[in-house]
Protein chains: 2
Amino acid sequence: MTLRWSLDTSTETRPTRVEVCRDAAKIPGYLDRAEVAAFYDRGDTGASMVTPPRDAGRHGGEITRGGGTMGNAGGVGAAKGRARATDEAGDTSAAQGRTPAPGEAAGTGAQEGRSPTMADIAAYLGMSRQTVSLVLGEAPGPSAETRERVKAAAERLGYRPHLGAQALRRARSTDIGVVFTPSHATEPEVLDGVYPAAAAHGCGVIVSPQTATRSTADAVAELLGHRCSAIVVIGSDLRRAALDDLARRIPVPLAHVGYGRRNALYDVVRSAGDTGIEAVVDHLVGLGHRHIAYVHTPSLTPTHVRRTGYRRAMRRHGLGEEIVAEQGAVAEEAGAVAARGILDGGRLPTAIVAANDQAALGVVETLLRHGVRIPEDVSVTGFDDAPLARFSFLDLTTVNQDAGRLGTAAVEAVVRRREDPGREPVETVVPTTLVVRGSTAPPGPTAGRR
Amino acid sequence: MTLRWSLDTSTETRPTRVEVCRDAAKIPGYLDRAEVAAFYDRGDTGASMVTPPRDAGRHGGEITRGGGTMGNAGGVGAAKGRARATDEAGDTSAAQGRTPAPGEAAGTGAQEGRSPTMADIAAYLGMSRQTVSLVLGEAPGPSAETRERVKAAAERLGYRPHLGAQALRRARSTDIGVVFTPSHATEPEVLDGVYPAAAAHGCGVIVSPQTATRSTADAVAELLGHRCSAIVVIGSDLRRAALDDLARRIPVPLAHVGYGRRNALYDVVRSAGDTGIEAVVDHLVGLGHRHIAYVHTPSLTPTHVRRTGYRRAMRRHGLGEEIVAEQGAVAEEAGAVAARGILDGGRLPTAIVAANDQAALGVVETLLRHGVRIPEDVSVTGFDDAPLARFSFLDLTTVNQDAGRLGTAAVEAVVRRREDPGREPVETVVPTTLVVRGSTAPPGPTAGRR
DNA sequence: ACTTCGTGTGCTCGTCCTGAG
DNA sequence: TCTCAGGACGAGCACACGAAG
């Protein structure tokens, strides 16, 4: 009957619109330093609470939009505010004249704050819980008509299976836990591969981010708390020894996406970085390049296998290697430093192969600032086919990793091992594709000169 | 007694190391086209399975490392492999001489495939489940000695609370659900703020990514399945109307981080983008700039409020506005297009304020390619203080968003509303900081010329 | 009396809460 | 002041039941 989450505005509190700029207290119309301090009750620590003061509204009126569905006892008008016609609208104006009609989730029997359960559906339809369970679990048994009725009722009542209860009842939930580092470029696309693959096996997915303040171990611990039946680690900052330890300690199969070698503890899924870079070198040699330098980023583990590809290809073509290795966790910076080193080193190569797109960006930027034209003077390539490689101003020849397939392969690997625990972990190498764009060209007449 | 996840290598399957490059079949030593096809049983579709063939090992030996802890019946030697001394080692060598001693999780009473429960701990110690529950729940009652014993036993047995069971037992789990888009620059840092804030309230966090194949609605549905007590949406591609709908439909408080205005349906947490940009303009004016252009990216909703800041500041300084708006979801590209427009437009401004760091990158790159020096000829600024702003080759003056505090504030907002459902949603504006770097300088003698 | 189909009963998963000893 | 017995949360599984063929 009523929305379960009540929002009636009977209280008097009308939180105020507050705007603060930390270091611009002199801007007229804004809070001064003392008010800023009061605004943040516990000072400047990250985890502190941000409490709006009772009434600091000195600029602009409050913007109050109607609560919609329910009584709205306090009489706060639906469109009282909108004092400032600022320009951040941009939204479709479809919802403007919207009537305050409730959503379709009109309650029909569900109790107050509780989500409806299978028992609620059963009671609503006058049948048993088990029949409902069979229908929603897609199990054979119930008649077509019963199925229809149950599904309609579930929809109508806004039923959602309680994932916690499911995990509890099934000895171990079928879910697959995924640890990933949200700041890395290719990992979101890997996730895109994980979800459909898991769904194809009837598994759910629980994601646990590894961030600056949350180690991989923390993330895995949480996943185990959800009783995941398998764990996929994407990327991660762990070194081999730590990953081995982790795999040994946890009671479910583990797969690692990104790098690593075949081993007895966990599955490994990675791109064919070596052959990818080989294809790059072949491409450059085909254009006529002979002096090809490689920018290596040793701190990024997945790039080691790429260097192998560079070496192999150069040897195969009978060309001399020139590897510039730059430490530093940030690839762009490493690329920039490497490029400066190359510029200082006298004779310029006609092509520079970077271990990834980020490093290539650093290389390109640095060369540009020194008046080197790309690709007329120097061809530059990357690896990853990250979004930035596609920008018109970079237009980077690079190697596309099939990120989605990395995710899929990882799921396949752990599911196989979950179903057959005796099975040995495998290494899956996913092929890559050379993507030729505008940053490579045959060496021009001025190429290699300074 | 034994590891729960058995890994004895008694089978004969020795999966093979396989390397494939999709479009480089001519590289000697690698699989040819036909083999590639066989390698991928279901062709080239993204979700297909990757199955290693039984024996394709024609190059390099298998790398087999000992399984460690358990019997290793098949007699596969611990260091038999390592055929190719490739160079991707890089790991700490600490684990090399590791003895195969089992991890500390030696079973003491836990059954086969099951994780230990409170009842297991109780049985192990000869006490009741409830006492264990009280200790692990940090509830008053049990004596110090009992606490000690229980905690030691929990540690020893490798106990982890069953999050699903907790969620089931507590009417509604205390967890906070977070929807986020892993590809966006600032969102990982927002997550860093969410975790400690939730922990401070004794809440867990469940994360649900919104990706190319998974809508915000999907992500929220999953979180509701976990019976989260509140939901925080970071960024998201939803327009205002869709967000309103979402907030109306779900039975728990919702907060949105990124943009939006105060409203009756959900909490809004955003940076003070307007005052942030005002500080940028003040900084530039202080350096002596008078002709300051603004690059606007209308498709990115959070930037609208920033444009307001630009306008306000320019008006305050009595300067004329010059706004270049570029559609296009990719900010870098929009920046590049805007810069080309500015270059074509005749007189160059002495400073360009971009709506975000990505757009600034596009501006800088494009200017550089046209021989414009930064900051000598044109100063450029961004917004976000993304990692790229710190690169030596960009060294971008920008505005730092306190991403962690955005996350914290969102948690505070929904927790407040969860505990007091009658409360009205608030808008929290988190202050920003101007970060001056090398991309801004007083206008030089050649500034503004072409 | 035998399947086959559709449905209902009872118990269990791990945790936490009420109340009693 | 400390400890514990019993039960519930939501879903799923094994099984038993009644009605058709």
Side-chain angles (χ1 to χ4, degrees), chain A residues 110-150 153-154 157-175 202 204 224-229, chain B residues 109-150 154 157-175 202 204 224-229:
Chain A
Q111 299 193 8
E112 277 278 32
R114 234 191 57 219
S115 293
T117 72
M118 286 191 176
D120 292 331
I121 298 176
Y124 177 66
L125 293 174
M127 54 175 70
S128 76
R129 312 191 305 276
Q130 187 47 23
T131 305
V132 175
S133 173
L134 288 175
V135 172
L136 298 179
E138 301 293 353
S143 65
E145 193 219 327
T146 310
R147 306 194 98 85
E148 208 51 51
R149 287 181 61 214
V150 169
L157 295 178
Y159 172 78
R160 312 222 105 259
H162 191 308
L163 298 179
Q166 286 183 333
L168 175 61
R169 179 53 214 170
R170 313 200 232 263
R172 178 171 291 285
S173 97
T174 60
D175 288 351
L224 290 180
H226 284 290
R227 296 299 184 270
C228 288
S229 60
Chain B
Q111 298 194 11
E112 277 279 32
R114 234 190 58 219
S115 293
T117 72
M118 287 191 177
D120 291 331
I121 298 175
Y124 177 66
L125 293 174
M127 55 175 68
S128 74
R129 319 190 301 277
Q130 293 69 21
T131 307
V132 174
S133 173
L134 289 175
V135 172
L136 298 179
E138 301 293 354
S143 66
E145 192 217 326
T146 310
R147 304 196 100 87
E148 207 51 52
R149 286 179 62 211
V150 169
L157 296 178
Y159 171 78
R160 312 220 105 262
H162 191 308
L163 299 178
Q166 286 183 333
L168 175 60
R169 179 53 234 211
R170 312 202 233 263
R172 179 170 291 285
S173 98
T174 61
D175 288 350
L224 291 179
H226 283 290
R227 294 300 184 272
C228 289
S229 59

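These numbers come from a predicted model, not from an experiment. Note on naming: letters A, B, ... go to the chains in the order of the sequence lines (proteins, then strands), and numbering restarts at 1 for each one. Computed from heavy atoms alone, side chains included, the values below leave out hydrogens, waters and symmetry copies.
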**Q** Taking only residues two or more places apart in sequence, or in another chain, which ones meet A:T146 in a side chain to side chain contact (heavy atoms under 4.5 Å, CB included)?
**A**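 By the side chain to side chain contact (heavy atoms under 4.5 Å, CB included) rule, A:T146 matches A:M127, A:T131, A:P142, A:S143, A:V150.
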**Q** Would you compute the distance between atom CG of B:L168 and atom CG of A:L163 and round it to the nearest 0.5 angstrom?
**A**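 With rounding to 0.5 Å, CG (B:L168) is 11.5 Å from CG (A:L163).
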**Q** Calculate, to the nearest 0.5 Å, the distance between atoms CG and OH belonging to A:D120 and A:Y159 respectively.
**A**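 A:D120 CG to A:Y159 OH: 9.5 Å, rounded to 0.5 Å.
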**Q** Counting any heavy atom closer than 4.0 Å, what does A:L134 reach on the DNA or RNA strands: base, sugar-phosphate only, or nothing?
**A**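 Answer is base: heavy atoms of A:L134 come under 4.0 Å of a base.
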**Q** Distance from B:H162 atom NE2 to B:R169 atom CZ, nearest 0.5 Å?
**A**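 Output value for this atom pair is 15.5 Å.
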**Q** Please tell me which of A:A165 and A:S143 maps to the more 5' nucleotide of DNA chain C, matching each residue to the nucleotide holding its nearest heavy atom.
**A**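 The answer here is A:S143.
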**Q** Rounded to whole angstrom units, what separation is found between the CZ atom of B:R147 and the P atom of D:dT1?
**A**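 To the nearest whole Å, that distance equals 14 Å.
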**Q** Pick the closest DNA chain D nucleotide for A:A119 and for B:P140 by heavy atoms, then say which residue is nearer the 5' end.
**A**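 Checking each residue's closest nucleotide, the 5'-ward one belongs to B:P140.
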**Q** When the distance from CD1 of B:I121 to P of D:dT3 is rounded to whole Å, what number comes out?
**A**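 Spelled out: CD1 on B:I121 to P on D:dT3 is 15 Å.
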**Q** Rounded to the nearest angstrom, tell me the gap between atom CZ in B:R149 and atom P in D:dT3.
**A**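 After rounding, the reported distance stands at 9 Å.
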**Q** Quick one: which of A:L136, A:V135, A:L134 gives a side chain to side chain contact (heavy atoms under 4.5 Å, CB included) with A:V132?
**A**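 Of the listed options, the one satisfying the test is A:L136.
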**Q** Assess, by modelled atom type and distance only, whether the side chains of A:Q130 and A:S128 contain a donor and an acceptor separated by less than 3.5 Å.
**A**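 Per modelled atom types, A:Q130 and A:S128 side chains form no pair under 3.5 Å.
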**Q** Protein-nucleotides 17-20 of chain C N/O pairs closer than 3.5 Å?
**A**
unit_1: C:dC17; atom_1: O4'; unit_2: B:R169; atom_2: NH2; d: 3.2

**Q** Rounded to whole Å, how long is the line connecting atom NE2 of A:H162 with atom P of C:dT12?
**A**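 Taking atom P of C:dT12 as the reference, NE2 of A:H162 is at 21 Å.
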**Q** Mind calculating the distance between CE (A:M118) and C1' (C:dG8) to the nearest angstrom?
**A**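 Computing the A:M118:CE to C:dG8:C1' distance gives 15 Å.
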**Q** Starting at atom CD of B:E148, determine the distance to atom P of D:dC2, rounded to an integer number of angstrom.
**A**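 About 15 Å, once rounded to whole Å.
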**Q** Without decimals, in angstroms, what is the distance between B:E145 CD and D:dT3 P?
**A**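 These atoms are roughly 8 Å apart.
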**Q** Generate the contact string for nucleotides 16-21 of chain D. Rules: B means base contact, S means sugar-phosphate contact only, - means no protein heavy atom under 4.0 Å.
**A** ------
**Q** In this structure, how many angstroms lie between the C1' atom of D:dC13 and the CG atom of A:L136, rounded?
**A**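 So the two atoms are 16 Å apart, to the nearest Å.
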**Q** Taking 4.0 Å as the cut-off, does a side-chain nitrogen or oxygen of A:T146 come that near to OP1 or OP2 on C:dT7?
**A**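 Answer yes for this pair, as a side-chain N or O of A:T146 is under 4.0 Å from OP1 or OP2.
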**Q** Less than 4.0 angstrom between a side-chain N/O of A:T131 and OP1 or OP2 of C:dT7, yes or no?
**A**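 Indeed not, no polar side-chain atom of A:T131 lies that close.
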